[in-house]
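Report on one structure; see the data block that follows.
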Amino acid sequence: MNTIVGGFHKTNNFNEIVLERRSVKVYEPEVKISREEMTEILAEASRAPSAINMQPWRFLVIDSAEGKEKLAPLASFNQTQTMTSSAVIAVFYDANNIDYIDEIFGKAVEHGYMSQDIMDMQLQQAKPYYANMSTSELRDVNLIDSGLVSMQIMLVARAHGYDTNPMAGYDKERIAEAFGLNKDRFQPVMLISIGKAAKEGYPSYRLPVETITTWA
């Protein structure tokens, strides 16, 4: 079903969301996304899967003029997207996300998603497993999970009638501290610009399934 909300085309048509998504470089700068709607987008995106549901992703939404001015020198290769978009979502992973394991599993029991016995068993396995993971192993797991939520943000944004562009060209060493975050704890994954396209994104060639797939 397609609807018009706030003048924008919202849809739950799967093919339209997935097959017509483009990476957009130039946005209509006068278009703003309310923090209420941005909260909806992030809540819907956060339904993405993660290893034992640990949800390591953390979002910094840069939607103010002051925030964009601070981001601009850190995103030197992506100035147009940064300054014309409604917002830039900086996706991080929380290296200390194990701190939330009791809350995550406890709330699952409270809401009836799992039994106390299952929770106890899983916690007995998960806590030592995470405690014994190397920094590089933990980083690999968290990057995979944060990549999943990042893609979901772009698809949910599309369903809300907005366009996006994932960006890796920014100062990953400085971005956390620039916005008052602990750089050792919050590790950058990517930036995602979001807004209403002023110029359509270009279609791109995709390798055929025969090239990228092996059957066994």
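Scanning all heavy atoms of the two residues, the minimum distance from Lys199 to Val24 falls at O-CG1, 4.0 Å. In terms of heavy-atom proximity, Ile192 sits nearest to Met154 at CG2-CG, 4.0 Å. Taking all atoms of both residues into account, the shortest heavy-atom contact from Ala48 to Val149 is CB-CA, 3.8 Å. Closest of all the heavy-atom pairs between Leu191 and Ala75 is CD1-CB, 4.3 Å. Across all their heavy atoms, Glu16 and Arg158 have their closest contact at O-NE, 3.5 Å. Nearest heavy-atom pair across Ala157 and Ile194 is CB-CD1, 3.6 Å.
Annotation: side chain of Ile62 is not in contact with side chain of Ile89 (no heavy-atom distance under 4.5 Å). Contact check for Gln187 versus Arg139: side-chain heavy atoms found under the 4.5 Å cut-off. Proximity of Leu138 to Asn142: side-chain heavy atoms (C-beta onward) are separated by under 4.5 Å at one or more points. Residues Leu155 and Met151 meet the side-chain proximity criterion, which asks for heavy atoms closer than 4.5 Å. Between Thr80 and Tyr27 there is no side-chain heavy-atom pair separated by less than 4.5 Å. In this structure, Ser50 and Trp57 have side chains that are in contact, with non-hydrogen atoms separated by less than 4.5 Å. Using a 4.5 Å heavy-atom cutoff, the side chains of Met167 and Met190 are not in contact. A heavy-atom distance below 4.5 Å is not found between the side chains of Met83 and Pro29.
Under a hydrophobic-cluster definition in which Ile, Leu, Val, Met, Phe, Trp and Tyr are linked whenever side-chain heavy atoms come within less than 4.5 Å, directly or via other members, Ile118 and Ile104 are assigned to the same cluster. Criterion: ILVMFWY side-chain heavy atoms under 4.5 Å apart, direct or through other members. Under it, Ile101 and Met119 are part of a common hydrophobic cluster. In the hydrophobic clustering of this structure, Val156 does not group with Val88; members are Ile, Leu, Val, Met, Phe, Trp, Tyr whose side-chain heavy atoms approach within less than 4.5 Å, directly or through other members. Residues Ile153 and Tyr93 share a single hydrophobic cluster, defined by chaining ILVMFWY side chains whose heavy atoms lie under 4.5 Å apart.
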ask   = Run the side chain to side chain contact (heavy atoms under 4.5 Å, CB included) check on Asp63 and Ile33 step by step: do they pass?
value = CA-CA 8 Å; Asp63 62 354; Ile33 301 174; over 6 Å; no
key: From CA spacing to verdict: salt bridge (charged side-chain N to carboxylate O under 4.0 Å, His left out), Asp94, Arg185   = CA-CA 6 Å; Asp94 183 356; Arg185 176 172 180 173; 2.7 Å; yes
message = Under the criterion side chain to side chain donor-acceptor pair (under 3.5 Å), I'd like the reasoning laid out for Tyr162 against Glu37: C-alpha separation, chi angles, the key distance, then a yes or no.
response = CA-CA 11 Å; Tyr162 300 110; Glu37 185 174 16; 2.7 Å; yes
ask   = Between Ile175 and Phe92, is a side chain to side chain contact (heavy atoms under 4.5 Å, CB included) present by the stated rule, with each step listed?
value = CA-CA 10 Å; Ile175 187 167; Phe92 297 83; 4.0 Å; yes
query = Under the side chain to side chain contact (heavy atoms under 4.5 Å, CB included) criterion, do Ile41 and Phe59 qualify, and how do the steps go?
reply = CA-CA 12 Å; Ile41 290 171; Phe59 309 123; over 6 Å; no
task = Carefully, step by step, assess Asp163 and Lys25 under the rule salt bridge (charged side-chain N to carboxylate O under 4.0 Å, His left out).
result = CA-CA 9 Å; Asp163 303 285; Lys25 311 294 185 183; over 6 Å; no
request  = Check the pair Ser193, Thr164 against side chain to side chain contact (heavy atoms under 4.5 Å, CB included), reporting the backbone distance first and the verdict last.
outcome  = CA-CA 5 Å; Ser193 58; Thr164 57; 5.7 Å; no
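A salt bridge is absent between Lys107 and Asp102; no separation between the charged side-chain nitrogens and carboxylate oxygens falls under 4.0 Å.
If you check the side chains of Glu44 and His160, you find a donor sitting under 3.5 Å from an acceptor. Checking Gln116 against Asp120 by side-chain atom types alone, a donor-acceptor pair falls below 3.5 Å.
Cation-pi geometry between Lys70 and Phe179 is met: the NZ or CZ atom falls under 6.0 Å from the ring centre, inside 45° of the normal. A cation-pi geometry, defined here as NZ or CZ lying under 6.0 Å from the six-membered ring centre and within 45° of its normal, holds between Lys172 and Tyr170. Cation-pi geometry between Arg58 and Tyr100 is met: under 6.0 angstrom from the ring centre, within 45 degrees of the axis.
Between the side chain of Glu69 and the main chain of Gly67, no donor-acceptor pair closer than 3.5 Å is present. The backbone N or O of Gln81 sits nowhere less than 3.5 Å from a side-chain atom of Asn78 that would complete a donor-acceptor pair. A donor-acceptor distance shorter than 3.5 angstrom exists from the side chain of Ser86 to the backbone of Val31, with no hydrogens or angles considered. Side chain of Thr211 to backbone of Leu207: no donor-acceptor contact under 3.5 angstrom is found.
Crowding of Glu200 atom CD: a count of heavy atoms from other residues, nucleotides or ligands under 6.0 Å not exceeding 12. At most 12 heavy atoms of other shown residues, nucleotides or ligands fall within 6.0 angstrom of atom CD in Glu173.
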